Amino acid sequence: MPELPEVETIRRQLDPELRGRAIRELEILDPRWSRPLPPEQVAGAVQGRRINGLERRGKYLLLRLDGGQILVMHLRMTGNLVLVTPEGEQRSERFLRARLLLDDGSELRFTDARRFGEGFVLDERGLEERFQGRLGVEPLSEEFTPEQLGELAAGRTAPLKSFLLNQAGIAGIGNIYADEALFRARLHPLSPAGSMREPHLEALHEGVVEALLAGIEWGGASIDDYRDATGAEGSMQDEFLVHTREGKPCFVCGTPIRRIVVGGRSTYFCPHDQVRLRRRRRAGRKKPRARP
DNA sequence: CGCGCAACCTGTCTGC
DNA sequence: TGCAGACAGGTTGCGC
């Protein structure tokens, strides 16, 4: 599924191709795509605009247009964005939901089997409002540090897996990279987020960053639907340390990887290497237990 | 407020 | 072979 590394891969491929291009037309074939706004409104807002550049925020792809408007797209689970050049083959796409026709004859196709994907247009202020309180820190920015991770996790009782999936804390991590980050950090997915101490925070910080960078380096993970902007598969799925590896030997200790369900999501981990932390007592309470 | 879970969707896989 | 049911998981919204 498209998570931060997949969206970033697409962004890096599309930015040099789309930058400076003008939008001839945005054709929305599935009205669900622009919901709750009517397709004409979204299409009208971008028509004739020039694309100044592509950015990413969490799993959202942002096309900055001249005039200050921003075309925002989210691939959700099965969405794909493929750029088709005039010279390229024009095979008809299944599940085509929207397409952006550009002034050089190329076409950006948004396909999506499950129709969860969406697109909308906002100005800078609208975007800030929209993301306010819902999208947290960018994990590949300088702002993301072990200290900041500690602040986000402090007092949280939710399992680490759920904590990582919460976009309001750290933006961009999905089911795949949450598992990979936790394995790299040697932390059990059911450990309460607030149970981490200094070394755990350091380890998880590094685990998150390394897992995401690996994902980008390998061009994203194609378990089933994901393709990059050229239509090609990524190869991160061949580099998974634990995700989808149920029953296979841990690369570190050989113990069979286990699959459990956390927060309704398949979760893969090594039961031997990933330490399960106990909930930490809140500071300043009762008397400390004598340790035998 | 924090947390867990259902709902939104539909293609694909599994078992009878 | 056909078909019902489970399963996939990003985000929102609701109930406790």
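Just so we're clear, the structure is a prediction, and the values are computed from it rather than from any experiment. The chains referred to below are lettered A, B, ... by the order of the sequence lines, with proteins before strands, and numbering in each begins at 1.
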Next item on the list: Enumerate the residues from residues 143-167 of chain A whose closest heavy atom to DNA chain C is under 4.0 Å, giving them by residue number; use none for an empty result.
Entry: A:Gln167

Item checked: Residues in salt bridge (Lys or Arg N to Asp or Glu O under 4.0 Å) contact with A:Glu147, at least two apart in sequence or another chain -> none

Taking N or O atoms only and anything under 3.5 Å, show me the protein contacts with nucleotides 12-16 of chain C, one pair per line.
| unit_1 | atom_1 | unit_2 | atom_2 | d |
| --- | --- | --- | --- | --- |
| C:dT12 | OP1 | A:Arg134 | NH1 | 3.2 |

Note to self: Dot-bracket for DNA chain C, please. Rules: Watson-Crick or G-U, both distances under 3.5 Å, ( ) within the strand, [ ] when a pair crosses earlier ones, | for another strand, . otherwise.
What the structure shows: .|||||||.|||||||

Notebook entry, point to check: According to a strict under-4.0 Å criterion, is A:Ser266 in side-chain N/O contact with OP1 or OP2 of C:dC7?
Noted result: no

Checklist line | Partners meeting side chain to side chain donor-acceptor pair (under 3.5 Å) with A:Glu124 (sequence neighbours left out) | finding: A:Arg64

Report, one line per pair, each donor and acceptor closer than 3.5 Å where one atom sits in a side chain of residues 201-225 of chain A; sequence neighbours left out.
| unit_1 | atom_1 | unit_2 | atom_2 | d |
| --- | --- | --- | --- | --- |
| A:His205 | NE2 | A:Phe144 | O | 2.9 |
| A:Ser222 | OG | A:Tyr226 | O | 2.7 |
| A:Ser222 | OG | A:Gly234 | N | 2.8 |

Check: What residue pairs, at least two apart or across chains, pass salt bridge (charged side-chain N to carboxylate O under 4.0 Å, His left out) with a residue in residues 160-174 of chain A?
Finding: A:Lys161-A:Asp179

Check: Which hydrophobic side chains are connected to A:Val261, either touching it within the sub-4.5 Å cutoff or through other members that do?
Finding: none

Margin query: Taking transitive links into account, so neighbours of neighbours count too, which hydrophobic residues share a cluster with A:Leu101 at under 4.5 Å side-chain distance?
Written below: none

Check: Side-chain N or O of A:His74 less than 4.0 angstrom from OP1 or OP2 on C:dG10?
Finding: no

Item checked: Contacts of A:His200 that satisfy ring-ring contact (aromatic ring centres under 6.0 Å, His included) - sequence neighbours left out -> none

Next item on the list: Go through the structure and list residues passing ring-ring contact (aromatic ring centres under 6.0 Å, His included) with A:Phe95, not counting sequence neighbours.
Entry: none

Notebook entry, point to check: Which ILVMFWY residues can you reach from A:Val262 by hopping between side chains whose heavy atoms are under 4.5 Å apart?
Noted result: A:Leu190, A:Ile260, A:Phe269

